[in-house]
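Below: the structure, in structure tokens.
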Protein chains: 2
Amino acid sequence: MARAVPTNPRKSASQKRSQVTVEALLDATARVLTKVGYDRASTNRIAATAGVSVGSLYQYFPNKEALVAALVARHNREMLALLSDALKEVASLDLATAIAKLVRAAVDAHRVDPALHRVFDEQVPRMGQLAKIEALQGETYRLVKSYLEKRRNEISVRDLDSATSILVTTVEALTHQFVIHRPEAPDRDRDRFIDEVTRLVVGYLMPVRR
Amino acid sequence: MARAVPTNPRKSASQKRSQVTVEALLDATARVLTKVGYDRASTNRIAATAGVSVGSLYQYFPNKEALVAALVARHNREMLALLSDALKEVASLDLATAIAKLVRAAVDAHRVDPALHRVFDEQVPRMGQLAKIEALQGETYRLVKSYLEKRRNEISVRDLDSATSILVTTVEALTHQFVIHRPEAPDRDRDRFIDEVTRLVVGYLMPVRR
DNA sequence: TATATTTGCGAGCTATCACTCGCATTGTCT
DNA sequence: AGACAATGCGAGTGATAGCTCGCAAATATA
């Protein structure tokens, strides 16, 4: 319980065996987090779930926070890859269609493991090591902004930076809210939701002189 | 540390003296939370900060979670009152102006105690007792929806319910993000931000045939 | 004033947590 | 095979957390 001082990384796994251990620990962390929540997810419990000793856990992660941070980082990298793919698939479409597809991609991405997503959102404290992880969110920002830049002539906003940050925040919040509060929503409702978000975004990016 | 079973409320304060104690505890909770964060905010620490014994704390709050829940509830009631006032002040304005004023009110509300707000947002786990608190958020939803209903003829959205939920989520997320990431933003930037959010919202509620 | 009730106290109990360390096992290199 | 390094182990340690309980002080009631 006593963890006042910030911690440094440990040795990184070099042999295959240890890499398996690390993966097992991350997987176990995800399972334990979704099963019992952040507070009750102790390092002992996670190690046991992973079929690994606590000692091994601390060989690769200096503390619980670093462990969770690594899991979040892995998760974020996956999400980022999905976004990147979606942006490529959408490169040649007109903006309105593209936005619709992107929003759908966001919703689908969040539906992969909603329980884990929910824990990240509702329980994992975003501080310390975890705060650094948000820097990885900056990559999302960059990807979206560079996409908007390519479509600059179809878009009429004062400032691409604020537009990007507004869009990323908005779509993320709405997607979270939808997936968390209506995890079993039928396809029709999901389509409706995507439609509404698309209208919101397109209306913002391509306003019509009134 | 051992708190497996959910807990019931304790006796509520009847004499003035005890009400003072309860208030002191809530105030201390806010101070401790913003100072050391959720994890390190122990009940002993909170009681000491309040100038009250742990025993007294547990006379009114069955556990730490209930204590924090009570604080969040108090905070939410204050926020709700601000929203309610803002809606009244805006009743007779045209929609676009009204939205702008409402967004400004939201930003101002979050600027009252940004540190506390941040703790609520980033650290306080939204589960158990805290989940019930979100039901109080339903009141926000109801207020906004009834406002939109009064303006139904100026608005063109398919469904007022989804529109309400989208607007509440969006404005809240954007406001949070702005206040947390730019707590010291100059007035000009704040005005800009309010402008953008207003454009986003108005563009959604009053789309122009394209 | 005498009695009953409410409120306040805080040392201390138990549970649990994060984390260590000396030793055993497995893998690599020559 | 032999030597050295990498990895795995898990009982044990110290610290701290949440929470209780017996008693004292303050307030209400008669």
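Below, chains carry the letters A, B, ... as their sequence lines are ordered, and counting in each starts from 1.
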Query raised in the report: Does A:Asp27 have any side chain to side chain contact (heavy atoms under 4.5 Å, CB included) partners at least two apart in sequence or in another chain, and if so, which?
Result: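 Side chain to side chain contact (heavy atoms under 4.5 Å, CB included) list for A:Asp27, sorted by chain: A:Arg31, A:Arg74.
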
Query raised in the report: Which of these nucleotides, D:dC9, C:dT20, C:dG8, is closest to any side-chain atom of A:Val54?
Result: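 Nearest to the side chain of A:Val54 among the choices is C:dT20.
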
Query raised in the report: Counting side-chain heavy atoms from CB outward, which of D:dA17, C:dG10, C:dT20 is closest to B:Ser42?
Result: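 Closest nucleotide to the B:Ser42 side chain: D:dA17.
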
Examine [N]: is either OP1 or OP2 under 4.0 Å from a nitrogen or oxygen in the side chain of [X]? Give yes or no.
X	N	answer
A:Ser56	D:dC9	yes
B:Tyr60	C:dG8	yes
A:Ser18	D:dA6	no

Requested in this report: Kindly say whether, by distance alone, the side chain of B:Asn44 makes a donor-acceptor pair under 3.5 Å with the base of D:dC19?
Outcome: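 Pair found.
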
Query raised in the report: Could you write nucleotides 21-30 of chain D as a row of B, S and -, 5' to 3', where a protein heavy atom under 4.0 Å of any base atom gives B, of only sugar-phosphate atoms gives S, and otherwise -?
Result: -----SSS--

Query raised in the report: With the threshold set at 4.0 Å, does a side-chain nitrogen-carboxylate oxygen contact exist between A:Arg152 and A:Glu149?
Result: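 Salt bridge: no.
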
Requested in this report: Using a strict 4.0 Å threshold on nitrogen-to-oxygen distance, state whether A:Lys101 and A:Asp108 make a salt bridge.
Outcome: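 Judged by the 4.0 Å cut-off on N to carboxylate O distance, A:Lys101 and A:Asp108 do not form a salt bridge.
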
Report task. Indicate the ring-plane relationship of A:Phe193 and A:Phe178, choosing parallel, tilted or perpendicular according to the 30° and 60° boundaries. Result ->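 Parallel, since the angle between the ring planes stays under 30°.
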
Report task. Please list, chain by chain and in numerical order, all residues satisfying salt bridge (charged side-chain N to carboxylate O under 4.0 Å, His left out) with A:Arg142, sequence neighbours excluded. Result ->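 A:Arg142 satisfies salt bridge (charged side-chain N to carboxylate O under 4.0 Å, His left out) with A:Glu139 once adjacent residues are dropped.
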
